[in-house]
Amino acid sequence: MLQNSITFDELPGAVSSLTALVRELVKEVGELRKMLTPERTIPKSATQFIGIAEACQILGKAQSTVYALAREGKIPAYKVPGEKEWRFIAGELVDHVKGYKRESSIMSFDEMEAEIRRGTRAKSPNRR
(Lines give C-alpha, C1' and ligand atoms only; values in the text may rest on other atoms or scores of the structure.)
Protein backbone atom coordinates (compact mmCIF):
# COMPACT_ATOMS: atom_id res chain seq x y z
CA MET A 1 0.00 0.00 0.00
CA LEU A 2 1.30 3.42 -0.90
CA GLN A 3 1.45 5.78 2.05
CA ASN A 4 1.97 9.50 1.66
CA SER A 5 3.38 11.28 4.63
CA ILE A 6 1.89 14.62 5.53
CA THR A 7 3.25 17.10 7.96
CA PHE A 8 1.40 18.46 10.94
CA ASP A 9 0.93 21.76 9.12
CA GLU A 10 -0.68 19.99 6.13
CA LEU A 11 -3.12 18.00 8.31
CA PRO A 12 -5.97 20.59 8.41
CA GLY A 13 -5.93 20.88 4.61
CA ALA A 14 -5.97 17.10 4.20
CA VAL A 15 -8.88 16.71 6.62
CA SER A 16 -10.78 19.46 4.82
CA SER A 17 -10.14 17.79 1.46
CA LEU A 18 -11.29 14.41 2.78
CA THR A 19 -14.39 15.97 4.30
CA ALA A 20 -15.31 17.48 0.93
CA LEU A 21 -14.83 14.11 -0.78
CA VAL A 22 -17.02 12.37 1.80
CA ARG A 23 -19.76 14.98 1.28
CA GLU A 24 -19.65 14.37 -2.49
CA LEU A 25 -19.86 10.61 -1.93
CA VAL A 26 -22.82 11.00 0.43
CA LYS A 27 -24.59 13.11 -2.19
CA GLU A 28 -23.93 10.54 -4.94
CA VAL A 29 -25.10 7.65 -2.75
CA GLY A 30 -28.28 9.58 -1.97
CA GLU A 31 -28.95 10.12 -5.67
CA LEU A 32 -28.37 6.43 -6.38
CA ARG A 33 -30.77 5.46 -3.60
CA LYS A 34 -33.45 7.73 -5.08
CA MET A 35 -32.97 6.06 -8.46
CA LEU A 36 -33.24 2.56 -6.98
CA THR A 37 -36.09 3.20 -4.53
CA PRO A 38 -38.97 2.89 -7.04
CA GLU A 39 -37.71 -0.56 -8.06
CA ARG A 40 -37.44 -1.74 -4.47
CA THR A 41 -40.80 -0.46 -3.28
CA ILE A 42 -43.50 -2.61 -4.80
CA PRO A 43 -47.07 -1.79 -3.80
CA LYS A 44 -48.57 -4.34 -1.45
CA SER A 45 -51.53 -4.94 -3.75
CA ALA A 46 -49.14 -6.14 -6.47
CA THR A 47 -47.49 -8.68 -4.17
CA GLN A 48 -50.63 -10.27 -2.77
CA PHE A 49 -51.00 -13.79 -4.05
CA ILE A 50 -54.26 -15.13 -5.43
CA GLY A 51 -55.43 -18.69 -5.89
CA ILE A 52 -56.37 -20.75 -8.89
CA ALA A 53 -60.01 -19.62 -8.93
CA GLU A 54 -59.11 -15.93 -9.25
CA ALA A 55 -56.41 -16.73 -11.83
CA CYS A 56 -58.99 -18.60 -13.92
CA GLN A 57 -61.29 -15.57 -13.82
CA ILE A 58 -58.54 -13.18 -14.90
CA LEU A 59 -57.32 -15.43 -17.72
CA GLY A 60 -60.77 -16.67 -18.73
CA LYS A 61 -59.54 -20.26 -18.81
CA ALA A 62 -60.39 -23.54 -17.09
CA GLN A 63 -58.41 -24.75 -14.07
CA SER A 64 -56.74 -27.55 -16.02
CA THR A 65 -55.57 -25.07 -18.67
CA VAL A 66 -54.22 -22.65 -16.07
CA TYR A 67 -52.37 -25.48 -14.30
CA ALA A 68 -50.86 -26.61 -17.62
CA LEU A 69 -49.79 -23.06 -18.53
CA ALA A 70 -48.22 -22.62 -15.09
CA ARG A 71 -46.32 -25.94 -15.30
CA GLU A 72 -45.03 -25.04 -18.78
CA GLY A 73 -43.93 -21.59 -17.59
CA LYS A 74 -46.20 -19.82 -20.07
CA ILE A 75 -47.85 -17.68 -17.40
CA PRO A 76 -46.29 -16.06 -14.31
CA ALA A 77 -46.93 -18.50 -11.45
CA TYR A 78 -45.28 -19.46 -8.17
CA LYS A 79 -45.16 -22.66 -6.23
CA VAL A 80 -43.85 -22.92 -2.68
CA PRO A 81 -41.46 -25.89 -2.41
CA GLY A 82 -43.16 -28.78 -0.69
CA GLU A 83 -46.67 -27.49 -1.42
CA LYS A 84 -49.00 -28.57 -4.20
CA GLU A 85 -50.78 -25.27 -4.67
CA TRP A 86 -49.86 -22.77 -7.39
CA ARG A 87 -50.01 -19.08 -6.53
CA PHE A 88 -50.38 -16.11 -8.81
CA ILE A 89 -50.11 -12.33 -8.65
CA ALA A 90 -53.15 -10.66 -10.21
CA GLY A 91 -51.21 -7.71 -11.69
CA GLU A 92 -48.74 -10.03 -13.41
CA LEU A 93 -51.56 -12.06 -14.95
CA VAL A 94 -53.26 -8.91 -16.22
CA ASP A 95 -49.96 -7.69 -17.71
CA HIS A 96 -49.49 -11.11 -19.32
CA VAL A 97 -52.94 -10.97 -20.92
CA LYS A 98 -52.32 -7.42 -22.16
CA GLY A 99 -49.04 -8.56 -23.71
CA TYR A 100 -50.85 -11.11 -25.86
CA LYS A 101 -53.68 -8.83 -26.89
CA ARG A 102 -54.52 -9.27 -30.55
CA GLU A 103 -54.58 -6.31 -32.84
CA SER A 104 -57.93 -5.46 -34.33
CA SER A 105 -58.63 -7.13 -37.68
CA ILE A 106 -60.74 -4.18 -38.75
CA MET A 107 -58.82 -2.02 -41.17
CA SER A 108 -58.74 1.71 -40.82
CA PHE A 109 -60.04 3.89 -43.65
CA ASP A 110 -56.49 4.77 -44.67
CA GLU A 111 -55.51 1.08 -44.86
CA MET A 112 -58.56 0.25 -46.99
CA GLU A 113 -57.86 3.17 -49.31
CA ALA A 114 -54.24 2.08 -49.72
CA GLU A 115 -55.27 -1.47 -50.59
CA ILE A 116 -57.81 -0.23 -53.15
CA ARG A 117 -55.15 1.92 -54.81
CA ARG A 118 -52.74 -1.02 -54.95
CA GLY A 119 -55.51 -3.20 -56.38
CA THR A 120 -55.04 -5.84 -53.71
CA ARG A 121 -58.40 -5.62 -52.04
CA ALA A 122 -60.12 -8.99 -51.86
CA LYS A 123 -63.18 -9.28 -54.04
CA SER A 124 -66.48 -10.29 -52.55
CA PRO A 125 -67.44 -13.92 -53.30
CA ASN A 126 -70.96 -12.74 -54.31
CA ARG A 127 -69.58 -10.30 -56.89
CA ARG A 128 -69.33 -11.46 -60.52
Side-chain angles (χ1 to χ4, degrees):
M1 219 175 174
L2 183 64
Q3 292 182 349
N4 291 336
S5 299
I6 56 172
T7 64
F8 185 75
D9 293 335
E10 297 171 330
L11 189 58
V15 169
S16 152
S17 176
L18 285 173
T19 304
L21 286 173
V22 169
R23 284 188 183 129
E24 286 179 33
L25 285 173
V26 167
K27 183 179 177 183
E28 287 181 24
V29 168
E31 290 172 2
L32 287 172
R33 282 184 179 163
K34 285 179 186 176
M35 289 171 44
L36 295 175
T37 300
E39 294 175 18
R40 291 191 335 215
T41 57
I42 298 170
K44 287 188 178 184
S45 62
T47 58
Q48 290 180 344
F49 288 101
I50 59 171
I52 188 71
E54 294 92 347
C56 291
Q57 286 179 338
I58 291 170
L59 296 171
K61 304 218 180 270
Q63 279 189 4
S64 58
T65 305
V66 173
Y67 282 130
L69 292 170
R71 271 193 308 276
E72 295 168 8
K74 293 183 178 178
I75 60 172
Y78 306 91
K79 195 170 186 183
V80 177
E83 291 186 17
K84 295 180 182 180
E85 199 173 300
W86 283 95
R87 296 190 177 138
F88 309 89
I89 297 175
E92 289 181 353
L93 292 177
V94 169
D95 290 342
H96 175 77
V97 171
K98 285 180 181 177
Y100 286 97
K101 179 181 167 186
R102 289 185 184 167
E103 288 187 27
S104 175
S105 61
I106 300 170
M107 289 190 284
S108 70
F109 180 76
D110 293 334
E111 291 170 327
M112 285 189 267
E113 186 178 31
E115 281 194 11
I116 291 170
R117 287 194 178 155
R118 284 194 313 249
T120 58
R121 179 134 192 224
K123 294 181 179 176
S124 172
N126 298 331
R127 192 171 172 197
R128 292 181 190 192

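Starting from 1, each residue takes its place in the sequence as its number. Atoms considered below: every heavy atom in the structure, side chains included; atoms not considered: hydrogens, waters and symmetry mates.
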query: Quick one: hydrophobic cluster around Val29, which other residues, with the 4.5 Å side-chain cut-off, linked directly or via members?
result: none
- prompt: Are Tyr78 and Phe49 side-chain neighbours, meaning at least one heavy-atom pair lies under 4.5 Å?
  reply: yes
message: Test of understanding: with salt bridge (charged side-chain N to carboxylate O under 4.0 Å, His left out), list the residues that count as partners of Glu85, not counting sequence neighbours.
response: none
field: Summary of salt bridge (charged side-chain N to carboxylate O under 4.0 Å, His left out) pairs that have at least one residue in residues 16-27, sequence neighbours excluded
entry: none
- request: Output all residues satisfying salt bridge (charged side-chain N to carboxylate O under 4.0 Å, His left out) with Lys79, sequence neighbours left out; order by chain, then residue number.
  value: none
Residues in side chain to side chain contact (heavy atoms under 4.5 Å, CB included) contact with Glu83, at least two apart in sequence or another chain: Val80, Arg87
For residues 58-77, tabulate all N or O donor-acceptor pairs below 3.5 Å that involve a side-chain atom, not counting sequence neighbours.
from	atom 1	to	atom 2	distance (Å)
Glu72	OE1	Lys74	NZ	3.2

- prompt: When rounded to the nearest 0.5 angstrom, what is the spacing between CD in Glu92 and CD1 in Ile50?
  reply: 10.0 Å
message: Going by side chain to side chain contact (heavy atoms under 4.5 Å, CB included), name the residues that satisfy it together with Glu10, two or more places apart in sequence or in a different chain.
response: Ile6, Thr7
